[in-house]
Amino acid sequence: MPQRNMHSWNIMIASYTHSSMYSDALTVFQAFKQCGSLPDHYTLPPLFKISMGLGEPCFGWMCHGLVVKLGYEEIVVVNNSLLEFYIKCGTMSQALSVFFNQNAHRDSVTWNLMISGFGKAGLYSDAVHCFREMLKHQNGFELDYMTLPSILSACGKEGDLLKVKEVHGFIVRNFGFHADAPIGNALIDNYAKCGSLKDSENVFKTVCCVNLVTWTTMIYCYGMHGKGEESVFLFEKMINKGFRPNAVTLTAILASCSHSGLLDQGKKIFSSTISDYGFEPTAEHYACMVDLLGRCGCLQEALQLLKRMKPSSVTGSMWGALLAGCVMHKNVEIGEVAAHHLFQLEPNNTSNYIALCGIYQSRGMAHGVATEGLINFTKGSFLIPFLI
DNA sequence: CTAGGGTTAG
């Protein structure tokens, strides 16, 4: 272009960012700075996304400085993107100082970010508190349906059935029975997390918006409650309705088969889903298969599955699933193989040492407990006398 | 040209 303005630079930076091409976006930003111009309120939000995408929090901190220096704290979109940046970095203390900044304005996005941020940080009661504060403060903007999945998930992870019911009632009073798919999905998931599978089923049967995530969630909920046969039934029904399972659906159904000991169904679903829908199984799928085989006592078969893979692509969760199966079935030989791979992959994870010692102990092999303990125990050595 | 919600895995 013979002549560039702010608009053209901003389009380039935003477009690279939206395409997840963060280093290209950064290169454009640096070229822009060379021209001697300063970023405006359109330039700044993508910069925080670039910082997160590159895993370079320092760049985001620098951009926070630009926001303050250039006086963009009062622009609500800029401040919200800053808030999201600190939440994604896991630094809630910084997020709080942005939230309580006297110069900043708040809107419904600000509140939604805070509520989902508290939830992601595991601070569920703070999320609930924040939701109640939002209801008090919501003069000026309408209650926003985007908050509801976040608050439901915070209540559900807290395990508080009454709170989930309370929010459900709130949804019906404010939005009627026309909640969108993410809200229905969150209701199904969190009723089950609070132990009320009946309520999950009722929501599943009555919601008006159903998508693939709805089916996946319900399949997973049955698995959570040890109802593998219901999961398999629903999985087949879903396919008959014309939904194509994705990678998450497959982990949900495999985990459910595993928890219910449905070995043959699990194996069949694994191979037929992969061939029918043509996607590559991920590390998680292999971990689920090892878990399934291991729980059912097919430890040799599970070990063979891992041995057929390229050694570098066998992950800790696959060996971990195998080790857990060996603990269950008191298998020393395969347990030692799995444990020694884990000692290489995650030397500071004490639960692996404890698992292997548990196998020795269950077989009355006190010598093995002491040897592994002396060689490998770092933090947990006080456990050895108890095991012996 | 700028910001926010839902499902999974030892």
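All figures in this text were calculated on a predicted structure; none of them were measured in a lab. Each chain gets a letter, A, B and so on, in the order the sequences are listed, and its residues count up from 1.
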Given atom CD of A:Glu84 and atom P of B:dT2, what is their separation to the nearest angstrom?
14 Å
Donor-acceptor pair under 3.5 Å, A:Glu346 side chain vs B:dG10 base
yes
Look at the side chain of A:Pro45 and decide which nucleotide, out of B:dA3, B:dG6, B:dG10, has an atom nearest to it.
B:dA3
If you compare all heavy atoms of A:Tyr86 against all heavy atoms of A:Ala95, which two are closest, and at what distance to 0.1 Å?
CB-N, 3.8 Å
Is A:Arg132 salt-bridged to A:Glu166, cutoff N-O under 4.0 Å?
yes
In whole angstroms, the gap separating C1' of B:dG10 from CD of A:Glu284 amounts to 12 Å
So that I can tick it off, tell me whether A:Glu201 and A:Lys227 are bridged by a salt bridge, with the cut-off set at under 4.0 angstrom between side-chain N and carboxylate O.
no
Take the protein atom CG of A:Asp40 and the nucleotide atom P of B:dA3, then report the distance between them rounded to whole Å.
13 Å
Would you say the base of B:dG6 and the side-chain of A:Asn211 have a donor-acceptor pair closer than 3.5 Å?
yes
To the nearest angstrom, the CG-C1' distance between A:Asn80 and B:dG5 comes to 14 Å
Aromatic stack A:Tyr42/B:dC1: centroid gap under 5.5 Å, interplanar angle under 30°
yes
Just to be sure I understand the rule, does A:Ala324 reach a base, reach only the sugar-phosphate, or reach nothing, if contact means heavy atoms closer than 4.0 Å?
sugar-phosphate
Centres of the A:Phe204 and A:Trp215 rings: under 6.0 Å?
yes
Quick one: A:Met114 CE to B:dA3 P, roughly how many Å, whole number?
20 Å
Expressed as a whole number of angstroms, how long is the span from A:Ile13:CD1 to B:dT2:P?
12 Å
Starting at atom OH of A:Tyr16, determine the distance to atom P of B:dT2, rounded to an integer number of angstrom.
16 Å
Ignoring backbone atoms, test whether A:His285 places a side-chain nitrogen or oxygen under 4.0 Å from the OP1 or OP2 oxygen of B:dG10.
no
Quick one: which of B:dA9, B:dT2, B:dC1 gets closest to the side chain of A:Ala255?
B:dA9
Any side-chain N or O of A:Tyr220 less than 4.0 Å from the OP1 or OP2 oxygen of B:dA9?
yes
Between the base of B:dG6 and the side chain of A:Asp180, is there a donor-acceptor distance below 3.5 Å?
no
Indicate the atoms forming the closest heavy-atom contact of A:Phe99 with A:Arg106, along with that distance.
O-NH2, 3.2 Å
For A:Asn352, which contact category applies under a 4.0 Å heavy-atom criterion: base, sugar-phosphate, or nothing?
base
Between the base of B:dT2 and the ring of A:His41 - centre-to-centre under 5.5 Å, planes within under 30° - is that a stack?
no
For A:Gly316, which contact category applies under a 4.0 Å heavy-atom criterion: base, sugar-phosphate, or nothing?
base
Base, sugar-phosphate, or nothing: which does A:Tyr145 touch, judged by heavy atoms less than 4.0 Å apart?
base
Should A:Lys193 be listed as having a side-chain N or O under 4.0 Å from OP1 or OP2 of B:dT8?
yes
Measure CG/A:Leu306 against C1'/B:dG10 and give the value in whole Å, please.
12 Å
At under 4.0 Å between heavy atoms, what does A:Ile183 touch on the DNA or RNA strands: base, sugar-phosphate, or nothing?
base
A:Cys288, nearest nucleotide to its side chain (from B:dG6, B:dA3, B:dA9)
B:dA9
Applying a 4.0 Å non-hydrogen cut-off, can you work out what A:His18 is touching in the nucleic acid: base, sugar-phosphate, or nothing?
sugar-phosphate
No-H, no-angle donor-acceptor pair, A:Thr251 side chain to B:dT8 base, under 3.5 Å:
yes
By the 4.0 Å heavy-atom rule, please label A:Thr217 as base, sugar-phosphate, or nothing.
sugar-phosphate
Within the 4.0 Å heavy-atom criterion, would you say A:Leu342 contacts the bases, only the backbone, or no part of the nucleic acid?
base
Would one find a side-chain N or O of A:Lys120 under 4.0 angstrom from OP1 or OP2 of B:dG5?
yes
Under a 4.0 Å N-O cut-off, is there an ion pair linking A:Lys193 with A:Asp189?
yes
Could you please name the option among B:dA9, B:dA3, B:dG5 that lies closest to any side-chain atom of A:Ser81?
B:dA3
From the list B:dT7, B:dC1, B:dG5, which nucleotide is the closest neighbour of the side chain of A:Met146?
B:dG5
Connected to A:Val76, directly or through other members, by ILVMFWY side-chain contacts below 4.5 Å are A:Val77
Among B:dG10, B:dT7, B:dA9, find the nucleotide with the atom closest to the side chain of A:Val213.
B:dT7
